[in-house]
Amino acid sequence: RVEGELRKALLQAERPSLFFETLRDMGQLSHWFPEVEALIGVPQEPRFHREGDVWTHTMLVLDQAALLRHRAVEPLFLCHDLGKPAATEYVRGRIHAYDHESAGVPLADALVRRIVGEKAAAAYVRNMVQLHMKPNALVGADASVKASNRMFDRSIEPEDLILLAVADGRGTHSLW
């Protein structure tokens, strides 16, 4: 039942964030989605994330992903920043979450296996979490076509990876 409700929220709702906000308001988020609840209050560097904490950013990304999901093979974009609570630190007065992608892989895997249970879905989400920062990083570094191709070769669904990067960028008040 939880999987069905999650899929409805992510695949059909106009604003999937309302599903998670409702669970939070009901005190049920920690029971079903503790990895998502852990995002609440985790700070982000204001220069890049004026919207606030990782929870707020993730909810904005979900809503942006809903606008793009008709183009995605499997729009399970919920998990992209689950590693930020473990990876966030202050370095010389700034907030960083270095390598949050790697830190998020086991958390995303646990969430998907617990709720969805499909090995293919878990593999897809692990891959998306691990690579979600790469498209924008390559663009920012003016990377070569060869470097971009290597990233796409590692991606299970390259087009979905680009859609996630777009939703991630739109899920911040500092850019859009």
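Computed from heavy atoms alone, side chains included, the values below leave out hydrogens, waters and symmetry copies. Quick note: residue numbers are just sequence positions, from 1.
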Minimum heavy-atom separation for [X] and [Y], please, with both atom names.
X	Y	value
Cys79	Val112	SG-CG2, 4.3 Å
Gln44	Gly52	NE2-O, 3.0 Å
Val129	Gly104	CG1-C, 3.8 Å
Ser102	Gln130	OG-NE2, 3.2 Å
Ala123	Ile156	O-CD1, 3.4 Å

Once you round to the nearest 0.5 Å, how far does [atom1] of [X] lie from [atom2] of [Y]?
X	Y	atom1	atom2	value
Met128	Glu74	CE	CD	10.0 Å
Arg24	Phe20	CZ	CZ	13.0 Å
Leu82	Leu107	CG	CG	6.0 Å
Lys134	Leu161	NZ	CG	10.5 Å
Leu68	Ile162	CG	CD1	11.5 Å
Leu60	Asp168	CG	CG	10.5 Å

Listed partners of [X] passing side-chain contact (heavy atoms from CB on, under 4.5 Å), at least two apart:
X	value
Val73	Glu157, Asp160
Glu89	Val91, Tyr98
Leu67	Gln64

For this session: Each residue besides Ile95 in its hydrophobic cluster should be listed here, by chain and number; the cluster joins Ile, Leu, Val, Met, Phe, Trp and Tyr at side-chain heavy-atom distances under 4.5 Å.
Result: Tyr90
Exercise. Among pairs that include at least one residue of residues 136-150, which meet side-chain hydrogen bond (donor to acceptor under 3.5 Å, both in side chains), considering only residues two or more places apart or in two chains?
Worked result: none
Exercise. Step by step, would you call Asp53 with Thr56 a side-chain hydrogen bond (donor to acceptor under 3.5 Å, both in side chains)?
Worked result: CA-CA 6 Å; Asp53 68 2; Thr56 302; 2.8 Å; yes
For this session: Name all pairs fulfilling the salt bridge (charged side-chain N to carboxylate O under 4.0 Å, His left out) condition that reach into residues 100-109, sequence neighbours left out, sorted by first residue then second.
Result: Asp109-Arg113, Asp109-Arg126
Applying salt bridge (Lys or Arg N to Asp or Glu O under 4.0 Å), can you list everything that pairs with [X], at least two apart in sequence or on another chain?
X	result
Glu118	Arg7
Glu21	none
Arg15	Asp63

For this session: Count the heavy atoms of every other residue, nucleotide or ligand shown that sit under 6.0 Å from CZ of Arg94, and state whether that count exceeds 12.
Result: yes
For this session: Verify, without hydrogens or angle tests, whether Asn127 (side chain) and Arg154 (backbone) share a donor-acceptor contact under 3.5 angstrom.
Result: yes
Exercise. In terms of hydrophobic clustering (I, L, V, M, F, W, Y; side-chain heavy atoms under 4.5 Å; direct or indirect links), are Leu10 and Leu18 co-clustered?
Worked result: no
Problem set entry | Same apolar cluster (I L V M F W Y, side chains within < 4.5 Å links), Met133/Phe48 | no
Exercise. Taking only residues at least two apart or on different chains, which pairs with a member in residues 125-159 satisfy ring pair (Phe, Tyr, Trp, His ring centres under 6.0 Å)?
Worked result: His80-His132, His100-His132
Taking only distance into account, with no hydrogens and no angle test, what donor-acceptor pairs under 3.5 Å do side-chain atoms of residues 28-43 form with protein atoms, sequence neighbours excluded?
| unit_1 | atom_1 | unit_2 | atom_2 | d |
| --- | --- | --- | --- | --- |
| Glu35 | OE1 | Arg114 | NH2 | 2.8 |
| Glu35 | OE2 | Arg114 | NH1 | 2.9 |
| Glu35 | OE2 | Arg114 | NH2 | 3.4 |

